[in-house]
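Step one of this worksheet: look at the structure below.
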2 protein chains.
Amino acid sequence: MYDLFFRKFNERVALTSEEEMLIKQLLTPKKLRKKQYLLQEGDTGKSICFVEKGALRAYVLDEKGNEYITAFAFEGYTIGDLYSFMNAAPATLNIDALEDCELVLLSKSAHEELLQKLPKYETYIRLLLTDAYIMLQRRMTNMISLPIEERYIAFSEMYPTIFQRVPQHMIASFMGLSPETLSRVRTRISNKK
Amino acid sequence: MYDLFFRKFNERVALTSEEEMLIKQLLTPKKLRKKQYLLQEGDTGKSICFVEKGALRAYVLDEKGNEYITAFAFEGYTIGDLYSFMNAAPATLNIDALEDCELVLLSKSAHEELLQKLPKYETYIRLLLTDAYIMLQRRMTNMISLPIEERYIAFSEMYPTIFQRVPQHMIASFMGLSPETLSRVRTRISNKK
DNA sequence: GAAAAACGTTGACAAAAATCAATGCTTTTA
DNA sequence: TAAAAGCATTGATTTTTGTCAACGTTTTTC
């Protein structure tokens, strides 16, 4: 049930089986069907969500109802509205399933209990945050410093398998482009080769 | 010397004076004159840098030598090439002083020693990272979802005092715009009012 | 299994932004 | 303090990107 969760955890911080037990008690499994919401704008993000299986996306809406995808999450990723989770504030993100999902949820109270009882948990969270921050910073740097074509190439090297799982117009949205522009970028690149 | 550093620390995690002593021993003060480098591309980012006084920027260069500013840091901020620091890898960022600076440096070995000896330090780092991640995510979301004018307004509400300290063309760079475009955005906005 | 919806591509056009150049002003620097 | 460098703005132009529409294909859905 929580295989991947603990595999990832142990890759970073090795746990004893007692420690695993302690954590396991505080986790909640959840299945989500494709298109179902994990979180809707205005809800309070009560959980951190780890993806055992499947794929999700996070997005915001503007006043016209246009979607802007801010994140994807696949197996082994963590997703959630961190601001909402940390501050018990209404979420600005929507998160829904792109495929049927098996998720592992960690509630706010479970999170706090683990921070109290298990220093290794805090270490793991710190490492996760560090990685997430570095990735996001790279994405931002690419956004402001690279011309679109190179940004696309960097993106496709970073997430080589994403095209099999996510429609292209969502990737465009994630990159801050219109679907037509991304399509044209792709044909331009493949013509060059 | 380390006033602001400990003030910020104690705002998040309260320290005893013994704990402050322990940390203080491991900090290194550094002064930097305007235009001096804290870090150059290719160096290994050996320190996390806390700003007691002054202002710095981080930027990357493209092959033509154009600068793209990825971050500013003022009093109370932390700056550094996190990837380089964590992985002892060559930095991709350049960091230099926009004003004369008083800095507090924390070396990699000091960082590791504190993580070992002082759980509160890890908590503080975790909280810093959480905030930094949330801010960066907001910046990214604004970048892909807001039209330029609103992005500018959001930016100027987020950092209202920045215009007194940073030339406008650097703000343009930070926002991923040409200086001319930012100038025009500003006149458009002020004409509306 | 048929109808509907979603998707990616292409073309024509409009809008936005970058680039290039010139100007006047302010700040640095020698 | 004079010269140089840095800076913000504006205009003209080019390039890039978005928008709107149409089309054929694939995937969902009932």
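In what follows, every chain begins at residue 1, and chains take the letters A, B, ... in the order their sequences are listed. These numbers come from the heavy atoms of this one structure, side chains and all, not from hydrogens, waters or symmetry mates.
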Q: Using the heavy-atom set of chain A and a strict 4.0 Å cut-off, write down the first and last nucleotide of DNA chain D that makes it in, 5' to 3'.
A: D:dT17 to D:dT29
Could you pull out all donor-acceptor pairs under 3.5 Å where a side-chain atom in residues 78-87 of chain B meets a protein atom, sequence neighbours excluded?
| unit_1 | atom_1 | unit_2 | atom_2 | d |
| --- | --- | --- | --- | --- |
| B:D81 | OD1 | B:Y83 | N | 3.3 |
| B:D81 | OD1 | B:S84 | N | 3.0 |
| B:D81 | OD2 | B:T92 | N | 3.1 |
| B:D81 | OD2 | B:L93 | N | 3.2 |
| B:S84 | OG | B:G45 | N | 2.6 |
| B:S84 | OG | B:A89 | O | 2.5 |
| B:N87 | ND2 | B:Y83 | O | 3.0 |

Q. Which residues satisfy the salt bridge (charged side-chain N to carboxylate O under 4.0 Å, His left out) test with A:E102, sequence neighbours excluded?
A. none
Q. Heavy atom of residues 55-62 of chain B under 4.0 Å from DNA chain C: which residues?
A. none
Q) Which residue pairs satisfy the salt bridge (charged side-chain N to carboxylate O under 4.0 Å, His left out) criterion with at least one member in residues 131-147 of chain B, sequence neighbours excluded? A) B:R12-B:D131
**Q.** Inter-end axis angle, the helix from C:dG1-D:dC30 to C:dA30-D:dT1, with every axis fitted to five base pairs (rounded, 10 degrees)
**A.** 60°
Q. If you measure from CG on B:N10 to OG1 on B:T16, what distance do you get to the nearest 0.5 Å?
A. 9.5 Å
Q: Name all residues meeting the side chain to side chain donor-acceptor pair (under 3.5 Å) criterion together with B:K120; count only those two or more places apart in sequence or in a different chain, and write none if there are none.
A: B:E19
Q | Any pair counted as salt bridge (charged side-chain N to carboxylate O under 4.0 Å, His left out), so long as it reaches residues 41-70 of chain B, sequence neighbours left out | A | B:R57-B:E67, B:R57-B:D96
Q. Does A:S156 have any side chain to side chain donor-acceptor pair (under 3.5 Å) partners at least two apart in sequence or in another chain, and if so, which?
A. none
Q.
Applying salt bridge (charged side-chain N to carboxylate O under 4.0 Å, His left out) as the test, list every pair that has at least one member in residues 155-176 of chain B; sequence neighbours left out.
A. B:E75-B:R165, B:E99-B:R165
Q: Run through A:Y152, A:Y59, A:F72 and flag the one making a ring-ring contact (aromatic ring centres under 6.0 Å, His included) with A:F174.
A: A:F72
Q. Between B:S190 and B:T187, is any side-chain donor less than 3.5 angstrom from a side-chain acceptor?
A. no
Q: Could you tell me which residues satisfy side chain to side chain donor-acceptor pair (under 3.5 Å) with B:K117, sequence neighbours excluded, listed by chain and number?
A: B:E113
Q.
Rounded to whole Å, please give me the gap between NE2 in B:H169 and C1' in C:dC20.
A. 18 Å
Q | B:Y124: which of B:F6, B:F9, B:F50 passes ring-ring contact (aromatic ring centres under 6.0 Å, His included) | A | B:F9
**Q.** Residue met sooner reading DNA chain C from 5', once B:I148 and B:K34 are mapped to nucleotides
**A.** B:I148
Q: May I ask you to list the residues of residues 175-186 of chain A, by number, that have any heavy atom positioned under 4.0 Å from an atom of DNA chain D?
A: A:G176, A:L177, A:S178, A:E180, A:T181, A:R184
Q | No-hydrogen, no-angle side-chain donor-acceptor test under 3.5 Å, B:T123 and A:E122 | A | yes
